[in-house]
Protein chains: 2
Amino acid sequence: MDYFEIYHPGLSIDCVIFGFHEKELKVLLLKMQNMDKWAVPGGFVKKDEDVDTAAVRVLKERASVTDVYLKQYHLFGDITRNNSAYVDKLVDKKVITDKSSLWFHQRFVTLGYYALVEFSKVTPAPDHISDSCEWVSLSELPELILDHQQIITKALHALRKQLKFQPIGKNLLPEKFTMTELRVLYETILGEELDRRNFQRKMLGYGILTKLKETRKGGAHKAPFLYCFNEEIYNRSLENGFNTVW
Amino acid sequence: MDYFEIYHPGLSIDCVIFGFHEKELKVLLLKMQNMDKWAVPGGFVKKDEDVDTAAVRVLKERASVTDVYLKQYHLFGDITRNNSAYVDKLVDKKVITDKSSLWFHQRFVTLGYYALVEFSKVTPAPDHISDSCEWVSLSELPELILDHQQIITKALHALRKQLKFQPIGKNLLPEKFTMTELRVLYETILGEELDRRNFQRKMLGYGILTKLKETRKGGAHKAPFLYCFNEEIYNRSLENGFNTVW
DNA sequence: TTTCATTGTGTCGTTATGACATATTACAGA
DNA sequence: TCTGTAATATGTCATAACGACACAATGAAA
């Protein structure tokens, strides 16, 4: 494969995939073959491809993830994000061929996207250049290549900022969910506890939720009602934002 | 000049420079030599240069603007932003040489920055490849090259979003200003009127302003007090944001 | 049947907000 | 010098939003 023919030079894409499970925010990470460091799924932009399209493709190719909320949040373009040493190691471990190392030795800027996906809909599977693919808690991040730690941190901050004035949850929760599950999602992203009763009042005030007749049985306690998002109002709020803040 | 030697391939930078004058939000535009369309000041990223540094350099080289608030807001990477036709015209008009046209014919993605500057501190002056440089009202934008219209529109939206939960004004207003001047700035950016009295109450509530003893005389009316920003609290609010919204 | 954990709903005092009234004052013109 | 004008400084008031918290309801387990 001749990278130089196919791909836009010096530009890569990295996708921070967020999932929510067991009261924790997780990211989907890959481990390169024979390497001991992890990475966010990434890839390159084809010469005749929109960058947004490339991001969707990368998600699909490298993490088998489709149908997600995907958002461009930052271009990482510091000169210090040099991967020469790393590339040599990749060549050494035969993850990439010596011939293609010329491509990888270029200086790259990388465009960061974050994706919100429903945890249960993703079956982590390594692609042909990774030997593992796993959900990892944000609190237990392993050692990451290059500046991927920073890329994840900045994605989280961007997500928090978005949460402040836009609805969130549609791609992180199953179709039906309880108010508590939604609140715990907010608490997890924000990293702080929210009052159960006030949260409900405020959230219902936005009108983005539809209360269902069903309840979720199973716990040794009163069965909570299920909710789903009102697509129309949800999407309108995504566009216009709330005029309030968490 | 051999662009291929010096610059990072396929990556450009465009800076939307906002200034505020006579109750209007303006942007600084350049007109290329012998061309009838205008452009936002832009440039390329050197191979050994951080993209943020490149943005600062571009501002300085092309618009003689220094000491500004500068923020990266979006990478424009659609394949439709093709400039082949435009480049041919540039060659035709001898704005660029035929030799360097190879560089310009590449597909480019462009990184958008917006800059906030104090109107009076800038003396628009065309650089060596432009034949004019002017402040232009957002409401009276001339015909622009490529997708520069979209680049400006998106910058304005990003600025509005920022305004919603961060202080703004330090780089758009002179050191000392009246409450009315600050409010009119907000009104201009938001595109809506705000209640004079409620604005003052809310703004003072943030604590980012220091009321001065001086007043601005000159009008046939009560002289308004002058204010300046409390640097420390202003900067802290820039970091953390307000927990409220305009 | 009792207990427990968690949910549904409501209250209350405080603060923030939007709408608006009134007093103040620099300058212009009589 | 006095008065009118235009804009500012400051305050009031009713309402809405918010944070803190109380208590009843209910599914399942003991």
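Computed from a predicted model, the values in this text were never measured in an experiment. In what follows, chains are A, B, ... by sequence order, proteins preceding strands, each numbered from 1.
Which of C/dT17, C/dT9, D/dA6 sits closest to the side chain of A/Q200 comes down to C/dT9.
Between the B/D78 side chain and the B/R81 main chain, no donor and acceptor come within less than 3.5 Å of each other. For A/K202 (side chain) and A/V245 (main-chain N/O), a donor-acceptor pair under 3.5 Å exists by modelled atom type. A donor-acceptor pair under 3.5 Å is absent between the side-chain atoms of B/H21 and the main chain of B/F119, judged by distance alone.
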A/F242 and A/Y206: CA distance, side-chain angles, deciding distance, ring-ring contact (aromatic ring centres under 6.0 Å, His included) verdict
CA-CA 8 Å; A/F242 298 139; A/Y206 294 140; 3.7 Å; yes
Full working for side-chain contact (heavy atoms from CB on, under 4.5 Å) between A/M203 and A/L182
CA-CA 10 Å; A/M203 188 56 72; A/L182 181 60; 3.8 Å; yes
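Less than 4.0 Å separates DNA chain C from no heavy atom of any residue of residues 161-168 of chain A. Of the residues in residues 180-198 of chain A, those with a non-hydrogen atom less than 4.0 angstrom from any atom of DNA chain C are A/T180, A/R196, A/R197. Residues from residues 208-220 of chain B with heavy atoms under 4.0 angstrom of DNA chain C, sorted by number: B/K217, B/G218, B/G219, B/A220.
For the ring-ring contact (aromatic ring centres under 6.0 Å, His included) condition, the pairs that include at least one residue of residues 160-192 of chain A, sequence neighbours left out, are A/F165-B/F165, A/F177-A/F229, A/Y186-A/F199, A/Y186-A/W246.
Checking B/L226 against A/R201, the closest nucleotide of DNA chain D that is more toward the 5' end is the one next to B/L226.
The salt bridge (Lys or Arg N to Asp or Glu O under 4.0 Å) check on A/E214 picks up A/K176, with sequence neighbours excluded. For B/K170, the side-chain hydrogen bond (donor to acceptor under 3.5 Å, both in side chains) test picks out B/E231, with sequence neighbours left out.
The line from CZ of A/R62 to CG of A/D127 is 4.5 Å long, rounded to the nearest 0.5 Å.
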